[in-house]
Structures are given as structure tokens and as C-alpha cells.
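Notes for the one structure printed next.
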Amino acid sequence: MTHPPVFAVVGHPNKGKSSVVATLSQNDAIAIALEPGTTRASQRYPLTVDGRQLYTLTDTPGFQRPRRVLQWLQAHSLSASDHPDTVRAFVLQHKGDERYVDECELLTPIIEGAGIIYVVDGSVPYSAEHEAEMTILRWTGRPSLALINSIGPDDYSDVWQAALGQFFQVVRKFDAVRAPFEQHLSLLRTFGQLEPDWEQPLEEATQRLAEQRSQRQQQAASLIARALEDLMGYQEKRTLTLDQLASTSEATLADTLRERWYKRQRRREQSLRIDIEHLYQHQRITRQEAELEWANQHDLFSEDTRRHWAVSKKYLATAGFGAGAMGGAGIDAVTFGSSLGTGALLGGLIGAAGSYFYGDRLLLPALNIGPLQNGLQSATFGPVQDSQFGYVILGRAVDHWWHISHRNHAGRDLLALEPADQHWLEQLDKASQREIQRALDRCRKQRPLSPSQQQNLAQAIGQAMAAYDNWRLNRG
């Protein structure tokens, strides 16, 4: 049985080794700091998908005395044929030697069979002082790959490329914070080409990671669909005795229920975001965003918010007509076609008219006090009767998902969520537009979605996510 490959990520201190490990192991718990010496001992980070370990990244300390180590190696070697054994001898002889603690830590996984990922900062000039490090690594005889991970704004990649190419089998530019997912897979395939024993396990790893990414997108669509149904249909309720009713004004009661409704809706949106982040194994994200609240400039029902996330009246009318026609088609089916399609047409017109009516304004829920029954009276607030609310929630959720799904685990910057500057849903196919509109109409009428309707909504949201991804990647 072939063991999962192990990669030792090595290099000069503070050049981005831990960032590479965090991204390729999908682990945002790995400490990344600007101060040298953050990593003092080698640490292994396996990447596991569905219980199967695909490979392991080993984060290592940086070289501290590479020239002294190289001097020792050169003094104890007779020819190139003994270089790997000479490196092994150095490690065995200097275990516990305070002078070479870091070198022994980083070389140990390599002499035990790990492949080498050598990381340099391409934003600082190349220096010959790195040649001692690169020579030591070449002496190990292990498959090796060099990554130019630019941390700062300057670019000396060309010089680095020329120098690294003399010591390593493959040299790649790789931004650990921003590299797209396809580059992660490309690195794994490249390593498979360097070591025949790793070709099959790394091919399997790339397949599983691609499948995992697709599954995560489907799961995210389902999470968004459930949250959308919940947020659209939620109603805040309170049952009052006659004494309670007499002691409070209707205005006070409305304020109380409104605040509780707002608070609950904000909490539900936040729980959706946390679920999406955990789905992609992001556990420590700090966000900066417009709150889901009504009493500020980002008011969900303000013109500003509607312009950013809600849809146009034309879109609403079109989607509303389609959704209504789908419902009216049921009438035609019941009459075995004797209505000659009148049901679908009538349903479409009603749907279009209703959606168009809500298209140019955003309606707040209102307090509703029910009839007195057995000495008790119910008061309710919600659900929201405006389908535009659903598009605002959908837009914010898809935007958040997009940022999370494209965020590498080395990212430590604030996640800033900004409204879209034009409406992306125009690119969504008509069938998905109708499916979403029909679900929103049912939810605002507090008509629960059946399992098949929930599935259809999730699939339509999946299409919306693909449309948003395409819009983000191709906008000017």
C-alpha cells in the first residue's frame, strides 16, 4: 500500500512557509506572523477528505546556520554519490545540538522521505546567501519544488526564477493568500510527475479535492435555500392576557415585536454565514459588513439597499409571470387541458402584476392583533410581504459564499463585504429565476415548501451562485 505523500515546507525564516502550509492543508488555525521564528519545531498537518488522508504538509523552522552546515557536509563528503548519506549523518550527529536545532528539525522529515517545497519571498532581491540552503536541499536527493511567494509589493521573480532553476526540478510563482484553487491542484499534479510513487495518490488527491469543492458548493446552496425560506416566512408571535393587553399600548407592542423580529433575522443571517465558513473550514474569519438592520444607512428597505441587492421591476415582472404561469398550469392539468392554457396565462399575469406591484418599494411587516379567544389575544409581526426582501438576502448570502469559497486559508485580512454595483441576477437562466420567485412567493404567504420544492430552490440557487461567480470573474 502506498503511503500518502509528505511534503516538508522549508526555507529562510519568515518568507511565507506557514502561509503555504495553511493554504495547501486548508487549515486557518496555523499561526502566521511577521516576526521570524514563529515556527520553532516541525509540525505535521495532514489533509483529509471523507476520512481519507490525501497528503501531509510539514511546517518547519527556517534555516539559521546554512553556511556552517554546508561546510560540515563538504568536509565529510567524498563524492556526490554520498551526499544524501552525509546529510543524514549530519542530522544524526547533531540531534540535540543547540547550534543546529532548526536545521535538524527541517532536515529530519526530508531524510525520512518527504518531498521538498522550498519557499522564497519574490518581493525581496535575490541574495547568494540562499545558495547554501539550496545546496543543502539538493544534497538530500529528494524530489523538490520551489515556490516564489511574493509577500511585498516589489517583484524580483525573474532573478529568483533563474537562480532557483539551477537547484530545483520545478519553480513556480505561488501567492499563498490569493492563488486560485486550480493552482493548488496544479502543484499536486506537478509533484506527482517528480516522484513516480506519488503519481497515483496525488492524482486521486486532486480528484477528491475537486469533488469536495463541488459538493461544498451544493451544500452551500442548500444552506442558503433553507435560510431564505426561514427568513422570508418568519413570524414573531406573542400571546397576551387581557391584563397584559390593557397595560401596554399597541405602539409599544409593535415596537417590542419589531425589535425582536429584527434581532432574530439578523441572528439567522449570521448563523448562515458561520455555517458557510465552517463548511469551507474557515473557523476564524473576522468580517466587516453592512448589518442586516433597518435603522441605518444600510436599511434593508432603503432605496440604497434595494438598488444594490434587489432586482428591477422588469426582472420581477418576468420572474413573477413565469412563477405564476407554473402555478396556473396546475389548473390546466386539473381540467385536462379544456382551459386551453388559460390557467397558466392567468396565473402568469397575476404573478407578474403582484411582483411588479412590489417592485418599486419595500414594505415593512406590520403588527397584526388577532381576535380575543378564551381570554387571550395573539399579536404577530411578520412575515415580510415583499419578495424584494428575499433578493436582498439572496444577494448578500451568495456574495458572502463567493468570498469564502475563493478565500485561501492563509488569508488573515478582514473579510470586507461590499454591495454589488450592478445586478448580477440578470445573467441567471429563466427557469431558475422562476423557481426562486415562486419559492419567495410561497414563503411570504407562509406556505411551507415541500421537499421537492426545497430541492428545486437549492438547485436554482446553485445556478445563481454559478451566475454570480461568472459575473464577478468577468466584470470590468
Side-chain angles (χ1 to χ4, degrees), residues 3 5-18 20-21 36-44 56-122 124-149 159-172 190-191 194-198:
H3 294 289
V6 178
F7 307 117
V9 184
V10 300
H12 220 56
N14 198 31
K15 299 302 179 187
K17 299 188 299 297
S18 295
V20 171
V21 174
T38 301
T39 304
R40 301 307 307 271
S42 295
Q43 297 185 58
R44 294 166 63 90
T56 296
L57 276 298
T58 301
D59 198 6
T60 68
F63 280 101
Q64 298 295 333
R65 296 169 180 264
R67 290 179 178 172
R68 293 286 184 87
V69 174
L70 185 58
Q71 287 175 2
W72 190 97
L73 295 176
Q74 291 169 333
H76 293 78
S77 173
L78 297 176
S79 69
S81 62
D82 67 16
H83 285 175
D85 290 336
T86 307
V87 175
R88 182 183 299 276
F90 170 84
V91 174
L92 295 176
Q93 184 172 327
H94 293 89
K95 280 280 189 184
D97 187 332
E98 288 295 327
R99 296 173 300 171
Y100 302 112
V101 170
D102 290 344
E103 278 75 13
C104 288
E105 278 289 316
L106 73 89
L107 289 172
T108 294
I110 297 173
I111 65 173
E112 291 176 348
I116 298 169
I117 298 178
Y118 182 66
V119 181
V120 301
D121 181 1
V124 300
Y126 172 76
S127 168
E129 69 180 41
H130 293 84
E131 292 178 7
E133 301 173 2
M134 297 189 286
T135 302
I136 294 168
L137 295 173
R138 189 170 60 182
W139 275 44
T140 66
R142 296 301 301 158
S144 61
L145 180 151
L147 296 182
I148 303 173
N149 178 36
V159 181
W160 276 107
Q161 186 98 27
L164 291 167
Q166 301 177 49
F167 292 87
F168 297 93
Q169 294 160 283
V170 175
V171 181
R172 292 282 182 84
T190 300
F191 244 118
L194 298 180
E195 173 57 60
D197 288 344
W198 291 347

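To the nearest 0.5 Å, the span separating CE on Met134 from CD1 on Ile116 amounts to 12.5 Å. A distance of 4.5 Å separates CD1 of Ile148 from CD of Gln161, quoted to the nearest 0.5 Å. Atom CG of Leu78 and atom OG1 of Thr86 lie 7.5 Å apart (nearest 0.5 Å). The NE2 atom of His3 sits 11.5 Å away from atom OG1 of Thr56, with the distance rounded to the nearest 0.5 Å. Between the NE2 atom in His130 and the CG atom in Asp121 there is a gap of 8.5 Å [rounded to 0.5 Å].
Looking at Ser77, its side chain never comes within 3.5 Å of a backbone N or O of Leu73 through a donor-acceptor pair. One N or O on the side chain of Arg138 and one on the backbone of Gln166 form a donor-acceptor pair closer than 3.5 Å. Here the side chain of Ser42 pairs no donor or acceptor atom with the backbone of Thr60 at under 3.5 angstrom.
Between Asp102 and Gly62, the closest heavy-atom pair is CB-O, 3.5 Å. Taking both residues in full, the closest heavy atoms of Asp59 and Ser18 are given as OD2-OG, 2.7 Å, listed atom of the first, atom of the second, then distance. Here the closest heavy-atom approach between residue Trp198 and residue Gly115 is recorded as CH2-N, 3.3 Å. What you find for Leu70 and Ala132 is that their closest heavy atoms are CD2-CA, 3.9 Å. Between Glu105 and Pro109, the shortest heavy-atom contact is O-CD, 3.1 Å.
Using a 4.5 Å cut-off on side-chain heavy atoms (C-beta onward), Thr58 and Arg44 make contact. Taking the side chain as every heavy atom from C-beta outward, Ile117 and Leu57 approach each other to under 4.5 Å. For the pair Arg142/Pro84, no side-chain contact is recorded, criterion being any heavy-atom separation below 4.5 Å from C-beta on. Between Lys15 and Asn149 there is no side-chain heavy-atom pair separated by less than 4.5 Å. Counting only heavy atoms from C-beta outward, the side chains of Pro66 and Ile136 approach each other to under 4.5 Å.
For Thr140, there are no side-chain hydrogen bond (donor to acceptor under 3.5 Å, both in side chains) partners, not counting sequence neighbours. Applying the side-chain hydrogen bond (donor to acceptor under 3.5 Å, both in side chains) criterion to Tyr100, with sequence neighbours excluded, gives no partner residue. Listed by chain and number, the residues in a ring-ring contact (aromatic ring centres under 6.0 Å, His included) with Trp72 are His76, Phe90, His94 (sequence neighbours excluded). Residues meeting the side-chain hydrogen bond (donor to acceptor under 3.5 Å, both in side chains) test with His12, sequence neighbours left out: Glu129, Glu133. Applying the side-chain hydrogen bond (donor to acceptor under 3.5 Å, both in side chains) rule to Gln71 yields no partners; only residues at least two apart in sequence or on another chain are considered.
Exactly one of Phe191, Tyr118, Trp160 qualifies for a ring pair (Phe, Tyr, Trp, His ring centres under 6.0 Å) with Phe168. That residue is Tyr118.
Side chain to side chain, Glu131 and Tyr126 meet the donor-acceptor criterion of an N or O pair below 3.5 Å.
The salt bridge (charged side-chain N to carboxylate O under 4.0 Å, His left out) pairs that include a residue from residues 86-98 are Asp97-Arg99, where partners are two or more places apart or lie in different chains.
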**OP:** I would like to know whether Leu107 and Trp139 meet side-chain contact (heavy atoms from CB on, under 4.5 Å); could you show each step before the answer?
**Re:** CA-CA 11 Å; Leu107 289 172; Trp139 275 44; over 6 Å; no
**OP:** Please report the C-alpha distance between Val10 and Ile110 in whole Å, then the side-chain angles of each, then the deciding distance to 0.1 Å, and finally whether the side-chain contact (heavy atoms from CB on, under 4.5 Å) criterion is met.
**Re:** CA-CA 10 Å; Val10 300; Ile110 297 173; 4.2 Å; yes
